[in-house]
Amino acid sequence: METEYIKLDRQNPDRDMLKRAAQLLRQGEVVAFPTETVYGLGANALEGSAVKKIFIAKGRPSDNPLIVHISSLNQLPPLVKEIPQAARALMKKYWPGPLTLIFPKSEIIPPEITAGLETVAIRMPEHPVAQALIEYAGVPVAAPSANISGKPSPTSGQHVWQDMQGKVAMVLDSGETRVGVESTVLDITRKPPMILRPGGITYEDLQETLGQVELDQGTGKMKVPRSPGMKYTHYSPAADVFVVTRGPQSFPGKFEKAYRSLSGEGKKVAVLISEETAQQMGDRIHPHYREVLGSRHDLREVAHRLFSAFRNADHQGADIILIEEFSEEGMGAAVMNRMIKAAGNKVIN
Ligand code: AMP
Ligand code: MG
């Protein structure tokens, strides 16, 4: 398949191009588009045969359900059986934005989307291109991240091109995404509501709005998660990822030691570190590739850069990626969740 690659200004996108992309969606084709979290791979959510094409393009297991994206609140009622009370305050505060809510599904949701579940995940993205595309399409748009299944999610149009060239009808490129990790997935059919995947809206934010919110233990280390997708290997670069945890020892010393022992075996080691660690280590180590993710105290910046840093390290031909542990506060919960999954739980204690 020939894939059209279209650059669109984020704030003032070419309306004719957007209408063409929307028409492709209505014709049952797959179009990749930017959102504020990561790039999505979109198809008409009401047409099972269109949705199937997403799974084929990504190589995604069919038991991993998709998020349905809407551009206005009017689109919600037909998709769900009911709107739980807890959802209303959240929608008011965080939509449009990086929060996905789980609702009991209505009959019009095709089974391909929910992988047979009785619930459906819905979100209203805030990115102007995503909003206009959904609006012009006139249908809700099912969209997982626009990467090959298992790879790091794409945070730029170029990342999407690397993975989806020849596999989808069109790629819309509006530059880097703002958040850089996926949306928070919150199950509001339970009391108290439960975070199934940490993401762009933090646990602390949700607690403030809801009073009480639980965190699925599966979002942490190794246990079986309730969100079907979280059980798969995810976000993984080609290189082997190891997370160097913080402990009572001097951190740069511990990181350097891990680096020396891995690079000593003749491996090309990429290091992904905080500004603070970079400063403390100076030029005591000379890794194959090195990227500074941001300050330990600016976890939004770290989230913004994480997936692109994984891809950069792969691009440089690294065999191993050694990455520093960050705090799990605020956006750090999403950062550490993705990092641990990318590492397949390989941590250096
Ligand atoms: P992705 O679109 O690739 O970022 O993944 C969407 C995430 O939402 C996956 O982890 C899915 O398992 C999760 N998800 C989608 N629908 C549901 C649902 N009905 N119940 C629980 N989790 C869901
Ligand atoms: Mg994904």
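We number each residue from 1, following the sequence as shown. This structure is a prediction, so every number in the text was calculated from the model and none was measured. We count ligands from 1, going down the list as the structure has it; atoms in each ligand are counted the same way.
- W95 has its side chain out of reach of E126: every pair of non-hydrogen atoms, C-beta onward, lies at least 4.5 Å apart.
- The Mg ion (ligand 2) does not have N147 among its coordinating residues (no N/O/S atom, backbone or side chain, under 2.8 Å).
- Residues R123 and T35 have side chains that bring a donor and an acceptor to within less than 3.5 angstrom of each other.
- Remark: distances from the non-hydrogen atoms of I102 to ligand 1 include one below 4.0 Å.
- Nearest to atom 19 (N) of ligand 1 by heavy-atom distance, out of T100, T119, I67, is T119.
- Salt bridge K346/D240: present, at least one basic N to carboxylate O contact under 4.0 Å.
- Taking distance alone, with nitrogen or oxygen atoms compared against 3.5 Å, E182 stays at or beyond that limit from ligand 1.
- Residue contacts with ligand 1 for V38 are absent, since no atom lies close enough (heavy atoms, distance under 4.0 Å).
- Of the N and O atoms on the side chains of S274 and E324, at least one donor lies less than 3.5 Å from an acceptor on the other residue.
- Ligand 1 is approached by R60 to a heavy-atom distance shorter than 4.0 Å.
- The two residues I148 and M164 come nearest to each other via the heavy atoms N-CE, 3.8 Å.
- The distance from ligand 1 to the heavy atoms of L117 drops below 4.0 Å at these ligand atoms: 18 (C), 19 (N), 20 (N).
- Relative to atom 16 (N) of ligand 1, the option among S183, A115, A121, A143 with the closest non-hydrogen atom is A121.
- With a heavy-atom cut-off of 4.0 Å, D187 does not touch ligand 1 at all.
- A salt bridge between K93 and E208 is present, with a side-chain N of the basic residue lying under 4.0 Å from a carboxylate O of the acidic one.
- For K52 and E112, the salt-bridge test passes: some basic side-chain N is under 4.0 Å from an acidic carboxylate O.
- Checking S153 against E182 by side-chain atom types alone, a donor-acceptor pair falls below 3.5 Å.
- Atoms of ligand 1 found under 4.0 Å from any heavy atom of L196, numbered from 1 in the order shown, are 21 (C), 22 (N).
- The atoms of ligand 1 that sit less than 4.0 Å from any heavy atom of N64 are 9 (C), 11 (C), 12 (O).
- Near R197, with a cut-off below 4.0 Å to any heavy atom, the atoms of ligand 1 are 1 (P), 4 (O), 5 (O), 6 (C), 7 (C).
- Within a 6.0 Å sphere centred on CZ of R10, heavy atoms belonging to other residues, nucleotides or ligands number more than 12.
- Annotation: K58 places no N or O atom under 3.5 Å from an N or O atom of ligand 1; distance criterion only.
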